[in-house]
Amino acid sequence: MFVRSLTAKLKQKTSKTSNLNYVPFLIDILNHSFTNSSLSHVHFPSDISQTNSLIASYVRRGDPVSALTLFHSLRRRAHSDVVADAYTFTSILRASSLLRVSGQFGTQVHAQMLKTGADSGTVAKTALLDMYSKCGSLDEATKVFDEMRHRDVVAWNALLSCFLRCDRPVEAFGVLREMGRENVELSEFTLCSALKSCASLKALELGRQVHGLVVCMGRDLVVLSTALVDFYTSVGCVDDALKVFYSLKGCWKDDMMYNSMVSGCVRSRRYDEAFRVMGFVRPNAIALTSALVGCSENLDLWAGKQIHCVAVRWGFTFDTQLCNALLDMYAKCGRISQALSVFDGICEKDVISWTCMIDAYGRNGQGREAVEVFREMREVGSKVLPNSVTFLSVLSACGHSGLVEEGKNCFKLLREKYGLQPDPEHYACYIDILGRAGNIEEVWSAYHNMVVQGTRPTAGVWVALLNACSLNQDVERGELAAKHLLQLEPNKASNIVLVSNFYAAIDRWDCVEELRSIMRTKGLAKEAGNSWINVPGFNRHAISLSA
DNA sequence: ATAGGGTTAG
């Protein structure tokens, strides 16, 4: 009964709010749990501490649905003596983070806590901070922290990981400094977060100091060592990472540790080391996936093929994510037929599989095939929907192959059929397609359309507009585009070259000369283009040719 | 109540 009334309430709420993404999901789960939950046989405890430990044990066991269901049964029986307290709410907040429904639901729990005064303690506030942090509400999270009267190290750590979670390492450092000023005694959790900040800011010296603190702590903790490995590899010190990895003797290394080490070695093209590390354990799909991404980045077909063999040997070819990385690796290394055969072999293709395949054809100049895969994807039907990246791949494929009608059609589908809002990047591709086809008026009408929709043009959009003007001798509006581009990114050499090409195209050689001298005084040079070739006998090393 | 590893464009 209580589940039905809850879902009814939630449904009412969802019709009024914009947060529609997760609440229907919660309703499904609770409806499902109504029939399947282990709770259907359970007698409800008659005092709050028993109820709390039952809820906590559900959460620990990874069954947040039962925890939430039990919690709502409490609310229905509010007239009885069993009333939720701070302990109940902390478990419930954790359960809602586990379900990733914390946004609106978490706010409701917060409201109830305020009503009953269960929000005042440090532990409760830390749980609230963590809930807001996990659903991306940075402002709410910091507000909760500011309200705390007593802040222990756990509260500080929660604030730290809050900043790291939303990719704000500089603010995280600010928190660490503040902790120093307040004389908070650092814990392992603090050091872990500190290492993560150092890794994302590439702060080598600072990270080494944190390493010192880790050693002083004197415990072989696998989590801290993984963070150290991750830190050292992300600042390019693979040898230091390997030292940490091999010095970890007394402690059991888990998969995450191996995965971190493998992906670090591959990113720095230390394949021998990567394969040696992989040799210690049965390889897992994640390690192989990250190894493949490294191969794609380095265009290293040789290593990619080795990893493909390992994946086949261990039976990981049913893993969609691994296959996506494999397909992308072959595509980026120019082996389009291999990429296709991997794609065909994926049983459960997701949006990334499809997008990678479309992009594979597109970057190989096979626009028709890309459009064909896109059509197939939409026909296969409702199961996999294209996202904005998919559309970008299709549009860019059309641009590379001069497929004007297909490009127009795709842009139309993006808005009209899939209800997506085009990003500036989509507009840039689209403008490029129209410009190459010689439709300069359509180019500018697309631009005006974009402005009307409230999308601000980025440098990429001005680049596309400028190119279109060069191709179509649109002198006046071209100068406008050039002006905007140079305002947005005045010090990017490729932009100045582009503007100078525009003036060359309209026979204004005086301007070309002026721009060249500006480049000289600014000391800018256009980056050299790169090509990669494999040399027989040296096939493990790609050679870069400057053009 | 807080901590470590994986996929898509340009």
Side-chain angles (χ1 to χ4, degrees), chain A residues 56 59 86-87 89-91 93-94 97 121-131 133-134 144 148 151-162 164-165 187-196 199 221-231 233-234 253-264 266 284-294 296 319-329 331-332 350-360 362-363 386-397 399-400 423-426 428-429 432 458-460 463-464:
Chain A
V59 177
Y87 292 98
F89 287 119
T90 49
S91 290
L93 286 171
R94 204 169 135 72
S97 318
T122 300
V123 174
K125 283 222 190 299
T126 305
L128 277 167
L129 196 170
D130 191 54
M131 181 276 292
S133 146
K134 280 179 180 149
V144 173
M148 274 187 208
R151 296 169 186 142
D152 59 8
V153 64
V154 182
W156 283 97
N157 290 341
L159 183 69
L160 251 182
S161 35
C162 176
L164 287 173
R165 202 170 278 131
S187 73
E188 293 111 68
F189 289 70
T190 326
L191 297 187
C192 212
S193 298
L195 283 170
K196 230 185 145 178
L221 272 175
V222 70
V223 176
L224 268 175
S225 301
T226 307
L228 276 170
V229 165
D230 212 49
F231 159 71
T233 54
S234 61
K253 298 190 186 77
D254 61 7
D255 274 357
M256 279 201 198
M257 182 78 205
Y258 285 106
N259 295 346
S260 212
M261 198 60 249
V262 169
S263 90
V266 178
N284 62 70
I286 291 176
L288 294 180
T289 307
S290 64
L292 281 168
V293 175
S296 310
D319 185 308
T320 299
Q321 283 157 204
L322 186 142
C323 287
N324 291 346
L326 196 55
L327 148 59
D328 193 55
M329 185 277 296
K332 291 219 169 94
D350 62 8
V351 64
I352 294 172
S353 322
W354 288 98
T355 306
C356 283
M357 196 60 229
I358 291 168
D359 187 61
R363 73 169 60 229
N387 63 19
S388 73
V389 181
T390 317
F391 276 100
L392 204 53
S393 301
V394 184
L395 285 170
S396 119
H400 285 311
D423 295 330
E425 289 85 355
H426 293 110
C429 276
D432 197 55
T458 56
V463 166

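Because only heavy atoms are used, hydrogens play no part in the values below, and waters and symmetry mates are left out as well, while side chains stay in. Chain identifiers are assigned alphabetically (A, B, ...) following the order of the sequence lines, protein sequences preceding nucleic acid strands; residue numbering begins at 1 within each chain.
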Interatomic distance where CD1 belongs to I286(A) and C1' belongs to dG4(B) [whole Å]: 12 Å
Side chain of V154(A), heavy atoms from C-beta onward: which of dG4(B), dT8(B), dA1(B) has the nearest atom to it? dA1(B)
Mind checking V222(A) for me? I need base, sugar-phosphate or nothing, with any heavy atom below 4.0 Å counting as a touch. base
Nearest to the side chain of S396(A), which nucleotide is it out of dA3(B), dG6(B), dG10(B)? dG10(B)
Is the base of dG5(B) touched by the side chain of D254(A) through a donor-acceptor pair closer than 3.5 angstrom? no
Regarding the side chain of M256(A), the nearest nucleotide among dG4(B), dT8(B), dA1(B) is dG4(B)
Distance check needed: dG10(B) P versus I358(A) CD1, whole Å only. 12 Å
Taking CG from L221(A) and C1' from dT2(B), how many angstroms apart are they, rounded to a whole number? 14 Å
Measure from the side chain of S290(A), starting at C-beta and using heavy atoms only, and say which of dG5(B), dT2(B), dG6(B) lies closest. dG6(B)
Do N157(A) and S187(A) pair up side chain to side chain, a donor and an acceptor below 3.5 Å, judged on atom types alone? yes
W354(A) CH2 - dT8(B) P separation (whole Å): 19 Å
May I ask you to say what D432(A) touches in the nucleic acid, namely base, sugar-phosphate or nothing, with a heavy-atom cut-off under 4.0 Å? nothing
On the nucleotide dA9(B), are OP1 or OP2 found under 4.0 Å from the side-chain N or O atoms that K332(A) carries? yes
Please report, rounded to the nearest Å, how far the P atom of dG5(B) is from the CZ atom of F231(A). 14 Å
Specify the separation, in whole Å, of atom CG of L195(A) and atom P of dG5(B). 11 Å
Using a 4.0 Å heavy-atom cut-off across all strands, classify R165(A) as base, sugar-phosphate, or nothing. sugar-phosphate
Counting the atoms with a prime plus P, OP1 and OP2 as sugar-phosphate, which does S263(A) contact under 4.0 Å by heavy atoms, base, sugar-phosphate, or nothing? nothing
Can you tell which of dA9(B), dA3(B), dA1(B) lies closest to the side chain of S393(A)? dA9(B)
When all nucleic acid strands are considered with a 4.0 Å heavy-atom cut-off, which category describes K253(A): base, sugar-phosphate, or nothing? nothing
How is K196(A) classified with respect to the nucleic acid when contacts are heavy atoms under 4.0 Å: base, sugar-phosphate, or nothing? sugar-phosphate
Counting side-chain heavy atoms from C-beta on, which of dA9(B), dA1(B), dA3(B) comes nearest to T126(A)? dA1(B)
Side chain of D359(A) - closest among dT2(B), dA9(B), dG4(B): dA9(B)
Between atom CG in N324(A) and atom P in dG6(B), what is the gap in whole Å? 16 Å
Any donor-acceptor N or O pair under 3.5 Å, side chains T390(A), S393(A): no
Nucleotide dA3(B), atom C1' - distance to CH2 of W156(A) in whole Å: 18 Å
Winner on side-chain proximity to R94(A), out of dG5(B), dT2(B), dA3(B), is dT2(B)
How many angstroms lie between CG in D328(A) and OG1 in T355(A), if you round to the nearest 0.5 Å? 10.5 Å
Can you tell which of dT8(B), dG5(B), dA1(B) lies closest to the side chain of N259(A)? dG5(B)
Does a donor on one side chain sit under 3.5 Å from an acceptor on the other, for D350(A) and S353(A)? yes
Looking only at non-hydrogen atoms, find the nearest pair between V262(A) and A287(A) and report the distance. CG1-O, 3.9 Å
So, D423(A) side chain and H426(A) main chain: donor-acceptor pair closer than 3.5 Å or not? no
